[in-house]
Protein chains: 2
Amino acid sequence: MTAVTIQPRPGIHLLADECCTTLAREPLTTSQAAELAHILKALADPTRLRLISMVAAQEGGEACVCDLTDPLGLTQPTISHHLKVLVDAGIFARDKRGKWAYYALVPGALDALSAVLSTAA
Amino acid sequence: MTAVTIQPRPGIHLLADECCTTLAREPLTTSQAAELAHILKALADPTRLRLISMVAAQEGGEACVCDLTDPLGLTQPTISHHLKVLVDAGIFARDKRGKWAYYALVPGALDALSAVLSTAA
DNA sequence: CTCATGCATAGATCATTGTCGATCTGAATA
DNA sequence: TATTCAGATCGACAATGATCTATGCATGAG
């Protein structure tokens, strides 16, 4: 690890620091590749993809853990684990209100990733 | 496994079968999530991301294994393994000419993925 | 034909990760 | 305060995966 900057959330870091990097334009540096891989790893799981699509399709664009556990047929700790991975990657935001924790897409996060993958100029 | 269609390459399958599916629009089915996760898993590795960017940035958009081994500091079998993962995911195409095997991006593969991730209508 | 070269495959090893049951924390309610 | 409920964290376990060494399989050169 060399000369680390302040670094807010990991996902935001990608969006800020490498917003203009496209995968198919120039060779990625080691750290660029590591950051991108971190975000993609968070997406590269069937359960987490379904979580994202379910939350995004929800009224108001947010859902609590209890809404997500039953439809996926997994235990509550497992769902909580996946949600944490998505939050750590900067894809989901967590908002605790009362007894419930609501998760929602971070605006622009998926679109930023989409732009990185695009080969269009 | 139910009623399997002809199914060419896995990556192409995603592009054809689910080209109009966007992650953030409606809940993904189990099999849609599994297919998308398969492609994303192939991308979610620093070495493979660098391979993609290196091949794409190469003159002619293709490179042989020998061009890719040294810059990444990994052994030849490891590079071959990563390239195979990318081919199986429909991201890379392999073209063997003489003693060399040339790898290149499948046209449209990354852009299709980019479209799936985009939240734009 | 024989040998060298470029690459793929096989098998082994070690780290990562998806999942669970059990437990802890914090908020609302009685 | 005691209880209940939503959710997070912990520890364990099995499965996956990234990497290596060793080997196999073609292709081209001599």
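What you are looking at is a predicted structure, and each value in this text was computed from that prediction instead of being measured. Naming convention: chains lettered A, B, ... in sequence-line order (proteins, then strands); numbering from 1 in each chain.
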Residues from residues 52-68 of chain B lying under 4.0 Å of DNA chain C - heavy atoms:
Cys64(B), Val65(B), Cys66(B)
Using every non-hydrogen atom in the two residues, find where Thr22(A) and Ser118(A) come nearest and quote the distance to one decimal.
CG2-O, 3.8 Å
What are the two closest non-hydrogen atoms of Pro27(A) and Gln32(A), and how far apart are they?
O-OE1, 4.4 Å
Protein within reach of the bases, or only the backbone? For nucleotides 22-30 of chain C, mark each nucleotide 5' to 3' as B, S or -, using heavy atoms under 4.0 Å.
B----SS--
Less than 4.0 angstrom between a side-chain N/O of [X] and OP1 or OP2 of [N], yes or no?
X: Thr75(B); N: dT19(D); value: no
X: Arg94(A); N: dG7(D); value: no
X: His81(B); N: dC7(C); value: no
X: Thr47(B); N: dT19(D); value: yes

Heavy-atom side-chain proximity of Leu36(B) to Leu28(B) below 4.5 angstrom
yes
Taking [atom1] from [X] and [atom2] from [N], how many angstroms apart are they, rounded to a whole number?
X: Ile79(A); N: dG21(C); atom1: CD1; atom2: P; value: 13 Å
X: His38(B); N: dG17(D); atom1: NE2; atom2: C1'; value: 13 Å
X: Lys84(B); N: dT19(D); atom1: NZ; atom2: C1'; value: 17 Å
X: Phe92(A); N: dG7(D); atom1: CZ; atom2: C1'; value: 16 Å
X: Leu40(B); N: dT17(C); atom1: CG; atom2: C1'; value: 17 Å
X: Asp88(B); N: dA8(C); atom1: CG; atom2: P; value: 12 Å
X: Asp45(B); N: dT17(C); atom1: CG; atom2: C1'; value: 14 Å
X: Leu83(A); N: dT19(C); atom1: CG; atom2: C1'; value: 15 Å

Quick one: [atom1] on [X] to [atom2] on [Y], what's the gap to the nearest 0.5 Å?
X: Leu113(B); Y: Leu43(A); atom1: CG; atom2: CG; result: 9.0 Å
X: His82(A); Y: Leu72(A); atom1: NE2; atom2: CG; result: 8.5 Å
X: Ile79(B); Y: Leu74(B); atom1: CD1; atom2: CG; result: 5.0 Å

Which is more 5' along DNA chain C, the nucleotide nearest Ala101(B) or the one nearest Thr78(A)? Just name the residue.
Ala101(B)
Under the 3.5 angstrom rule, does the side chain of Arg50(B) hit a backbone N or O of Ala34(A) as a donor-acceptor pair?
no
Side-chain (Thr119(A)) to main-chain (Asp111(B)) donor-acceptor, under 3.5 angstrom:
no
So what does Tyr103(B) hit on the nucleic acid, given a heavy-atom distance under 4.0 Å: a base, only sugar-phosphate, or nothing?
sugar-phosphate
In a table with atom names and distances, give each donor-acceptor pair under 3.5 Å that connects a side chain of residues 97-104 of chain B to protein atoms at least two apart or in another chain.
residue  : atom : partner  : partner atom : Å
Arg97(B) : NH1  : Asp95(B) : OD2          : 2.7
Arg97(B) : NH2  : Glu62(B) : OE2          : 2.8

